[in-house]
Amino acid sequence: MTRETLIDVLEKIALLLELKGENPFKIRAYRTGAEVVQSHPGDIVGMARENQLEGIKGIGEALRDKLHELAVTGRLGFYEKLRAEFPEGLFALFEVPGLGPKKIAALHRELGVGSLTDLKRVCEDGSAAALSGFGEKTVTKILEGIAFNEQHAGNFRSDEAAQAAHEILEFLRAIPETSRAEVAGSFRRGKETVHDLDFLAASRHPAALMSVFTTAPFVSQVIASGDTKSSIRLSNGLQCDLRVVSTAEFPYALVYFTGSKEHNIQLRSRALRMGWTLNEYHLAPHGSEGTPEPTGVHDEKDVHRALGLEYMPPEIREGMGEIEAAQAGTLPSLIAVENLRGTFHNHTTASDGHASLAEMAEAARELGLQYLGIADHSKASFQANGLDEDRLRAQIAEIRALNETYGKDFRIFAGSEVDILRDGSLDFADDLLAELDYVVASVHNSFTLPEAEMTKRIIRAIENPHVTMLGHLTGRLLLKRDPYAVDIPAVIEACAATATIIELNANPWRLDMDWRWWRLAKEKGVRCAINPDAHSVRGLEDLWFGIRTARKGWLTRDDVINCLPLGRIESVLGAKRRR
DNA sequence: GCCGTTTTCGGCCCGACTGTTTTCAGTCG
């Protein structure tokens, strides 16, 4: 039993209760319960098993009993009974944008829709449009939603893949026949989404290694199985490939399977110009007049060096100028997680977070950070329990008081994630913003504005001298919601002109601003703040995804303000106001 | 189903947007 299973069951119960038209507050209780399980810092599965969940806010008697039953027996009678009332395929319909419980229930009740295939059929044959509450536009929207999902089918966010990647890597390394093992592919390059996981191992007994891999407990399906290459599927659908090579081949294979394709093509043509041919096994003389094979190649650094290049970290291997820079010796020294001294944009129970101010601060200290920025939602974000002026002022006072209890080695900064309203004005007046240590401005509504209007709206917010940084620039939710239309270069330009910092939102659903834009931002002199947008103690760990994304954007510690220590960060936060 | 300095019942998240309606229902944040 895993934490993920507990969360999944609670969320599915919520969906099923919605289909039944249950009391919305009961449904919300299950959702809240799922969030609490998700964000609880302790061993929640063990606690459920031992029936020690009493006292956790949001988990009452009913959920406590259900989680206990689930953790002990691996099953839940209540859930199984509920599930038997609807076809399994209905769950997939909730993933279609624009479809909610009421419409799904109507489709099921009136037309017997029980799967995506059924849904598509009734949309195309006109029967859906004839239902009460449905029309041509609804059907069009549903079909567009299905197409969106199909386009992203088989893709996973990096956080969905991360746990499997680490577990399987540990598993491979623990096999006695394994001499080396790494995860390669787009996951290693730190891409925001991945299609599969590529593992590479070195072994003198590849067949033995393969047989252990294909019969491992995490395998739900074996797709292909050979002596040096196998593919399996995990229960969540993620495909994992394992290649086994010799120890001598390992560095070349790791370069090859890490990619990207564009990077490899450039690397191979460079090798050709130097008299070699490069593939996943070796760097060999090309033709009869080729250069002799290099010796002493034990890892990727050696391969790069043999090609006359500085070492290129996996994140920048996208064929976007890294080879030229590696040749010229001008590669940036990429930021590392150890460089972080603090972080901004985090939530507490004052708005929609799950941990108190003091708990978040304690967690930040345990991570070794010197400061933590709190930026709860503003009042326009009703759904997130946004703070009004009075509550924000009370929170500022609470933060100032809490700071009195810390030594010189830790501090909480009082901020706000203030909503950028439809017209580009802010949800709080300037005099209140002036009381804060910093301000994150974010868009949370009216996503469908035309690009020009959205760009104007955001730039107007940026021009406010109290707006320290711009939150999640495009509002995207990876594989779920497209970014809204906005002219990113124009926003970067405006940030440069006004000394506004751009957030790299490290939440793995967002990773926004996208890594592809950071080199432009850096060139314009715009600085970055890596923010986890944490809604719980555990959420602070998302900083790891932000670091990977920053590295993909070629950022160094000098480009990211939260690498500055306490004592130097304050002047950066106040710089724009002083201009 | 959860919660409690309005405390064991009766509240609990409000508003924008869209599309289907002609005054509202559903979805989303």
Side-chain angles (χ1 to χ4, degrees), chain A residues 9-11 13-37 53-67 76 78-79 82 93-110 123 128-145 148 347 349-352 354 376-388 391 417 419-423 427 442-450 453-454 457 471-472 474-477 480-484 507 509-510 533 535:
Chain A
V9 169
L10 292 180
E11 281 174 348
I13 290 175
L15 291 180
L16 291 165
L17 294 178
E18 276 187 322
L19 285 177
K20 289 182 65 134
E22 259 283 6
N23 174 0
F25 298 108
K26 185 193 276 194
I27 294 162
R28 190 193 300 166
Y30 278 95
R31 292 245 153 78
T32 308
E35 283 176 33
V36 170
V37 171
L53 294 172
E54 188 156 2
I56 299 177
K57 198 165 181 286
I59 310 261
E61 204 181 328
L63 264 70
R64 199 159 64 225
D65 288 349
K66 290 189 173 76
L67 289 170
L76 181 57
F78 173 77
Y79 174 50
L82 209 50
L93 271 55
F94 283 94
E95 303 299 320
V96 178
L99 265 193
K102 300 288 166 58
K103 286 206 159 72
I104 294 172
L107 287 161
H108 176 238
R109 192 178 55 241
E110 307 293 331
C123 283
L131 285 182
S132 160
F134 287 63
E136 281 308 319
K137 287 195 175 172
T138 307
V139 167
T140 306
K141 212 170 143 187
I142 292 172
L143 287 172
E144 281 170 3
F148 178 91
H347 298 269
T349 44
S351 64
D352 59 349
H354 297 288
D376 271 313
H377 288 285
S378 65
K379 62 183 189 293
S381 281
F382 298 102
Q383 81 287 351
N385 188 25
L387 280 64
D388 61 19
R391 290 177 64 215
E417 184 183 17
D419 269 36
I420 300 175
L421 306 179
R422 193 190 172 101
D423 64 355
D427 198 19
S442 306
V443 167
H444 286 120
N445 56 30
S446 302
F447 292 153
T448 53
L449 290 183
E453 212 173 316
M454 182 64 92
R457 169 189 187 186
H472 46 69
T474 73
R476 74 176 180 188
L477 295 177
K480 189 168 160 55
R481 187 175 73 205
D482 279 334
Y484 40 69
N507 184 315
W509 281 88
R510 297 186 181 273
D533 200 349
H535 286 71

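Throughout, protein chains are lettered first and strands after them, A, B, ... in sequence-line order, and every chain is numbered starting at 1.
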Closest nucleotide among dC13(B), dA16(B), dG1(B) to the A62(A) side chain: dG1(B)

Contact under 4.0 Å: K66(A) side-chain N or O vs dG1(B) OP1/OP2: yes

Sugar-phosphate, base or nothing in reach of L63(A), heavy atoms under 4.0 Å: sugar-phosphate

Touch class at under 4.0 angstrom, heavy-atom based, for S132(A) against every strand present: nothing

Pair E417(A), H444(A): side-chain N/O donor-acceptor within cut-off below 3.5 Å: yes

Main-chain N/O of G386(A) paired to D376(A) side chain as donor or acceptor, under 3.5 Å: no

Euclidean distance for C1', dC14(B) against dT8(B) (whole angstrom): 28 Å

Integer-rounded Å distance: dG15(B) C1' and D419(A) CG: 12 Å

Gap in Å between the two C1' atoms, one belonging to dC13(B) and one to dG29(B), rounded: 11 Å

For DNA chain B, the residues among residues 29-37 of chain A that have a non-hydrogen atom under 4.0 Å from it: A29(A), Y30(A)

Inter-nucleotide P distance (dT20(B), dG15(B)), Å rounded: 25 Å

Taking every non-hydrogen atom, the tightest pair across A106(A) and F134(A): CB-CE1, 4.3 Å

Pairwise side-chain contact, V9(A) with F78(A), heavy-atom cut-off 4.5 Å (strictly under): no

Short side-chain to backbone donor-acceptor contact, D427(A) and K379(A), under 3.5 Å: yes

Sugar-phosphate or base contact per nucleotide [nucleotides 23-29 of chain B; S, B, -; heavy atom under 4.0 Å]: ---SSSB

Ring geometry between H347(A) and H535(A) (parallel below 30°, tilted from 30 to 60°, perpendicular above 60°): parallel

Between C1' of dC13(B) and CG of L387(A), the distance in whole Å: 14 Å

For a quick test of your reading: what N or O donor-acceptor pairs under 3.5 Å do the side chains of residues 24-31 of chain A make, sequence neighbours left out?
| unit_1 | atom_1 | unit_2 | atom_2 | d |
| --- | --- | --- | --- | --- |
| K26(A) | NZ | E22(A) | OE2 | 3.1 |
| Y30(A) | OH | K66(A) | NZ | 3.3 |
| R31(A) | NH1 | E18(A) | OE2 | 3.4 |
| R31(A) | NH2 | E18(A) | OE1 | 3.3 |

Which residues share a salt bridge (charged side-chain N to carboxylate O under 4.0 Å, His left out) with D423(A), sequence neighbours left out: R460(A)

Sugar-phosphate, base or nothing in reach of K57(A), heavy atoms under 4.0 Å: sugar-phosphate

By side-chain contact (heavy atoms from CB on, under 4.5 Å) - contacts of P483(A) (at least two apart): T474(A), R476(A)

Nearest-Å distance for atom pair CG/P, residues L53(A) and dC3(B): 12 Å

Pairwise 5' ranking along DNA chain B for L17(A) and S446(A), keeping only the more 5' one: L17(A)

S442(A) to H472(A) - nearest heavy-atom pair and separation: CB-CE1, 3.6 Å

Set of side-chain hydrogen bond (donor to acceptor under 3.5 Å, both in side chains) partners for K57(A), sequence neighbours left out: none

G-U wobble or Watson-Crick pairing nucleotide for dG26(B) (cut-off 3.5 Å, both distances): dC17(B)

dT18(B) and dT23(B), which share atom name C1', separated by this distance in whole Å: 15 Å

Between P of dT20(B) and CD of E136(A), the distance in whole Å: 8 Å

Atom-to-atom span, NZ of K379(A) to P of dC13(B) - whole angstrom: 19 Å

Sugar-phosphate, base or nothing in reach of N23(A), heavy atoms under 4.0 Å: base

dA16(B) to dT21(B) separation - P atoms, rounded to the nearest Å: 24 Å

Separation of dG19(B) P from L131(A) CG (nearest whole Å): 18 Å

Atom-to-atom span, CD of E144(A) to P of dT18(B) - whole angstrom: 14 Å

Atom-to-atom span, CD1 of I56(A) to P of dC3(B) - whole angstrom: 10 Å

Closest listed nucleotide, where the reference is the side chain of K137(A) and the choices are dC13(B), dG1(B), dT20(B): dT20(B)

